[in-house]
There are 2 protein chains.
Amino acid sequence: MKPSLWNTLYKLSLLLTQEKSLKTSTTRLSDKFGLAQQTVSRHLIILERLGLIERHVTVKGEEIKITTKGLDELRNVYFRLKSIFEGISETFIFEGRLFSGIGEAAYYMSLKTYRDQFIEKLGFDPYPGTLNLKLLSTSDVIAKKELEAHLGIEIESFKDKKRTYGSAKCFKAKINDKIDGAVVIVDRSHYNDSVLEVIAPVYIREKLSLKDGNIVRVETFAKTD
Amino acid sequence: MKPSLWNTLYKLSLLLTQEKSLKTSTTRLSDKFGLAQQTVSRHLIILERLGLIERHVTVKGEEIKITTKGLDELRNVYFRLKSIFEGISETFIFEGRLFSGIGEAAYYMSLKTYRDQFIEKLGFDPYPGTLNLKLLSTSDVIAKKELEAHLGIEIESFKDKKRTYGSAKCFKAKINDKIDGAVVIVDRSHYNDSVLEVIAPVYIREKLSLKDGNIVRVETFAKTD
DNA sequence: ATTACTAATATCCGAGTAG
DNA sequence: TCTACTCGGATATTAGTAA
């Protein structure tokens, strides 16, 4: 997302206050934003196409509302700035329903470059495969975004002859108050925001006698410095 | 400040974490920021000129530190986003040392357009003149910035044949726990951030028997919706 | 390696204006 | 009035290099 667009979204949010919609015109906004009417119009069109705002355009003006996706975009910056200015350690607690993935993670985790990094940076040799948890509440999904904004343990990307392997970020975690492991947030995951991927030095499913559908509790520890 | 520059400052802050300095190179940064090395170089030059960062450039790389001014720039956005996402009422308490201004404020406050707005929006006809308080601690200065990010009572700008008269933002306030008045934050004030300007329907100095140098306590109430 | 200049290119903005 | 199109000019970015 282009900085100038983000700026327009941000300034919109300052006028909208709370999830209410705003009835205004591009001319009035251009005045407030210090941009030309045409520029505001163009920005609004793009923001709408990106799904960040919703509009109801009439010949007399328009009504604008920031979508959940748009708010997420802003919240992400908010959380990152928060972790800078209120730089304190925080504990995040998640609850999710266990489900089976397609076993892809096991392949990636067995790659030497990744595995060596896990051992070096997390201090354990992870069991190949992740425990996938579907987060149950939106507050957990938002908390995950906040966690993501914190500094974690960085797993670096690398490439071989064929392709590039993406980066990831880990946070030490405790699973069901028993097992020490880590939450892995993959940069370009095929899962969406509502899925938490957990790794540990042991096979968690077996150790905790878990089956698909079980609720699992994960406590993570984020430090900001 | 241009959005693209703000973006670079913001991304820098994510790497710097806490007021530490960062030893890196424009190439490494260009990688992280998704910009060309030349663009990063140019941005850093401009940010430095604006006094938002400090650099120590060598032929082997450079060391970057975000200045107080730069952090303020980021904090401002942080506070505004905070008031959106944590939209709650807040009380701010300031303590400042009374000093005499040049009496300019009295002139402005006597202008009909301003005065009418004060009466309508604040509910009182202000004594012409402001009580100027020099804030004593940096935490108070930061609190003032946070207050500024909240929604206040807007006093609109206007123009006559000669010039434009700027806008301002007010927050209801209680002075020394006795007098009800308001804090006025003038958009382009000739005072800096460490000065708080207070108005009231009465002549505060007299009512509270205040003299230059006295410490005055101001409690303000900010609502976010 | 670096940083950062100059010049070419890509992108963005806003004046004019249609609908 | 309004939104939003086209298009020329402004601005920002990047490629090619020098130091």
Engineer: Distance check needed: D/dT13 C1' versus B/I46 CD1, whole Å only.
Structural biologist: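 Atom CD1 in B/I46 sits about 11 Å away from atom C1' in D/dT13.
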
Engineer: Looking only at non-hydrogen atoms, find the nearest pair between B/V186 and B/A168 and report the distance.
Structural biologist: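 Scanning both residues completely, I find the closest heavy atoms to be CA-CB, 4.1 Å.
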
Engineer: Under 3.5 Å between N/O atoms: give me all the protein pairs with nucleotides 8-10 of chain D, atom names plus distance.
Structural biologist:
none

Engineer: Can you tell me how far C1' of D/dC2 sits from NZ of A/K23, to the nearest Å?
Structural biologist: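 Result: 10 Å.
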
Engineer: Among D/dA12, C/dT3, C/dC5, find the nucleotide with the atom closest to the side chain of B/I45.
Structural biologist: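 Selected nucleotide: C/dC5.
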
Engineer: What is the distance, rounded to the nearest whole Å, between atom CG of B/D31 and atom P of C/dA1?
Structural biologist: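 Rounding to the nearest Å, CG of B/D31 and P of C/dA1 are 13 Å apart.
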
Engineer: Report the end-to-end axis angle of the helix from C/dT2-D/dA19 to C/dG19-D/dC2; each axis comes from five terminal pairs, and the value is rounded to 10°.
Structural biologist: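 Comparing the first five pairs with the last five, the axes sit 40° apart.
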
Engineer: Would you kindly give the CE-to-P distance between A/M1 and C/dC12, to the nearest whole Å?
Structural biologist: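 Those two atoms, CE and P, are 12 Å apart.
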
Engineer: Side-chain N or O of B/R42 versus OP1/OP2 of D/dT13: is the shortest distance under 4.0 Å?
Structural biologist: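 Yes, because at least one side-chain N or O of B/R42 sits under 4.0 Å from OP1 or OP2 of D/dT13.
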
Engineer: By ring-ring contact (aromatic ring centres under 6.0 Å, His included), which residues pair with B/Y78, not counting sequence neighbours?
Structural biologist: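 Partners of B/Y78 by the ring-ring contact (aromatic ring centres under 6.0 Å, His included) criterion, ordered by chain and then number, come out as A/Y78, A/F85.
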
Engineer: Counting neighbours of NZ on A/K23 that are heavy atoms of other residues, nucleotides or ligands and sit closer than 6.0 Å, is the number greater than 12?
Structural biologist: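 Yes, NZ of A/K23 has more than 12 neighbouring heavy atoms, counting only those of other groups under 6.0 Å.
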
Engineer: For A/E154, what residues pass the side chain to side chain contact (heavy atoms under 4.5 Å, CB included) criterion, not counting sequence neighbours?
Structural biologist: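 Side chain to side chain contact (heavy atoms under 4.5 Å, CB included) list for A/E154, sorted by chain: A/K169.
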
Engineer: With a 4.5 Å cut-off on side-chain heavy atoms, are A/Y10 and B/V77 touching?
Structural biologist: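 With C-beta onward as the side chain, the pair touches.
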
Engineer: Which of these nucleotides, D/dA12, C/dG14, C/dT11, is closest to any side-chain atom of A/K2?
Structural biologist: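 Nearest to the side chain of A/K2 among the choices is C/dT11.
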
Engineer: Looking across every strand, which nucleic acid part, if any, lies under 4.0 Å from A/T39 by heavy atom: base, sugar-phosphate, or nothing?
Structural biologist: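 Result for A/T39 = base.
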
Engineer: Counting side-chain heavy atoms from C-beta on, which of D/dT11, D/dT13, C/dC13 comes nearest to B/S4?
Structural biologist: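 It is D/dT13.
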
Engineer: Which residues, if any, of residues 54-61 of chain A bring a heavy atom under 4.0 Å of DNA chain C?
Structural biologist: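 Heavy-atom cutoff 4.0 Å gives no residues at all.
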
Engineer: Of all residues at least two apart in sequence or in a different chain, which pass the side chain to side chain contact (heavy atoms under 4.5 Å, CB included) check with B/I142?
Structural biologist: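 Testing B/I142 for side chain to side chain contact (heavy atoms under 4.5 Å, CB included), a comparison that skips the adjacent residues, returns B/R75, B/F79.
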
Engineer: Which residue pairs satisfy the salt bridge (charged side-chain N to carboxylate O under 4.0 Å, His left out) criterion with at least one member in residues 104-122 of chain B, sequence neighbours excluded?
Structural biologist: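 Passing the test, one end in residues 104-122 of chain B: B/K112-B/D116, B/R115-B/D125, B/K121-B/E156.
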
Engineer: Enumerate the protein-to-nucleotides 15-17 of chain C contacts in which both atoms are nitrogen or oxygen and the separation is below 3.5 Å.
Structural biologist:
| residue | atom | partner | partner atom | Å |
| --- | --- | --- | --- | --- |
| C/dA15 | N7 | A/Q38 | NE2 | 2.5 |
| C/dG16 | N7 | A/Q38 | NE2 | 3.4 |
| C/dG16 | O6 | A/Q38 | NE2 | 3.1 |

Engineer: Counting only side-chain N and O atoms of B/H43, is one of them less than 4.0 Å from OP1 or OP2 of D/dA12?
Structural biologist: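 For D/dA12, OP1/OP2 do not have a side-chain N/O of B/H43 under 4.0 Å.
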
Engineer: Is there a donor-acceptor pair closer than 3.5 Å between any side-chain N or O of B/T130 and the backbone N or O of B/N132?
Structural biologist: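 No; judged by distance alone, with no hydrogens or angles, the pair does not exist.
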
Engineer: Tell me whether the side-chain N/O atoms of A/S41 come closer than 4.0 Å to OP1 or OP2 in D/dT3.
Structural biologist: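 No, A/S41 has no side-chain N/O under 4.0 Å of OP1/OP2 on D/dT3.
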
Engineer: A/I64 has an atom CD1; how far is it from atom P of D/dC2, in whole Å?
Structural biologist: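 Answer to the nearest Å: 13 Å.
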
Engineer: The criterion is side chain to side chain contact (heavy atoms under 4.5 Å, CB included); which residues satisfy it with B/D193, sequence neighbours excluded?
Structural biologist: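 Once residues adjacent in sequence are excluded, the partners of B/D193 under the side chain to side chain contact (heavy atoms under 4.5 Å, CB included) criterion are B/V141, B/K145.
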
Engineer: Who pairs with A/F33 by side chain to side chain contact (heavy atoms under 4.5 Å, CB included), at least two apart in sequence or on another chain?
Structural biologist: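 Partners of A/F33 by the side chain to side chain contact (heavy atoms under 4.5 Å, CB included) criterion, ordered by chain and then number, come out as A/T8, A/K11, A/L12, A/L15, A/L29, A/L35, A/V40.
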
Engineer: For A/T138, enumerate each residue passing the side-chain hydrogen bond (donor to acceptor under 3.5 Å, both in side chains) test, keeping only those at least two apart in sequence or located in another chain.
Structural biologist: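 Here no residue qualifies.
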
Engineer: If you check every side-chain atom of B/T27, which of C/dT3, D/dT14, D/dA4 has the closest atom?
Structural biologist: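 Given the options C/dT3, D/dT14, D/dA4, the side chain of B/T27 is closest to C/dT3.
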
Engineer: Once you round it to whole Å, what is the distance between P of D/dT14 and CZ of B/F33?
Structural biologist: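 Computing the B/F33:CZ to D/dT14:P distance gives 13 Å.
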
Engineer: Measure the shortest side-chain to side-chain distance between A/Y165 and A/S157 over non-hydrogen atoms and say whether it is less than 4.5 angstrom.
Structural biologist: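 Not touching, per the 4.5 Å side-chain cut-off.
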
Engineer: Report yes if some heavy atom in the side chain of A/L52 is under 4.5 Å from a heavy atom in the side chain of A/M1; otherwise report no.
Structural biologist: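 Yes; the side chains approach each other to less than 4.5 Å.
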
Engineer: Mind jotting down which residue pairs meet the salt bridge (charged side-chain N to carboxylate O under 4.0 Å, His left out) criterion with at least one end in residues 39-54 of chain A? Sequence neighbours excluded, please.
Structural biologist: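 For residues 39-54 of chain A: A/E48-A/R55.
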
Engineer: Got B/L44 and B/I53 here, is their nearest side-chain heavy-atom distance under 4.5 Å?
Structural biologist: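 A side-chain contact under 4.5 Å exists here.
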
Engineer: If I take atom CZ in residue B/R28 and atom P in nucleotide C/dA1, what distance separates them, rounded to the nearest angstrom?
Structural biologist: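 After rounding, the gap between these two atoms is 12 Å.
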
Engineer: Please report, rounded to the nearest Å, how far the C1' atom of C/dA4 is from the CZ atom of B/R49.
Structural biologist: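 Going from CZ in B/R49 over to C1' in C/dA4 covers 11 Å.
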
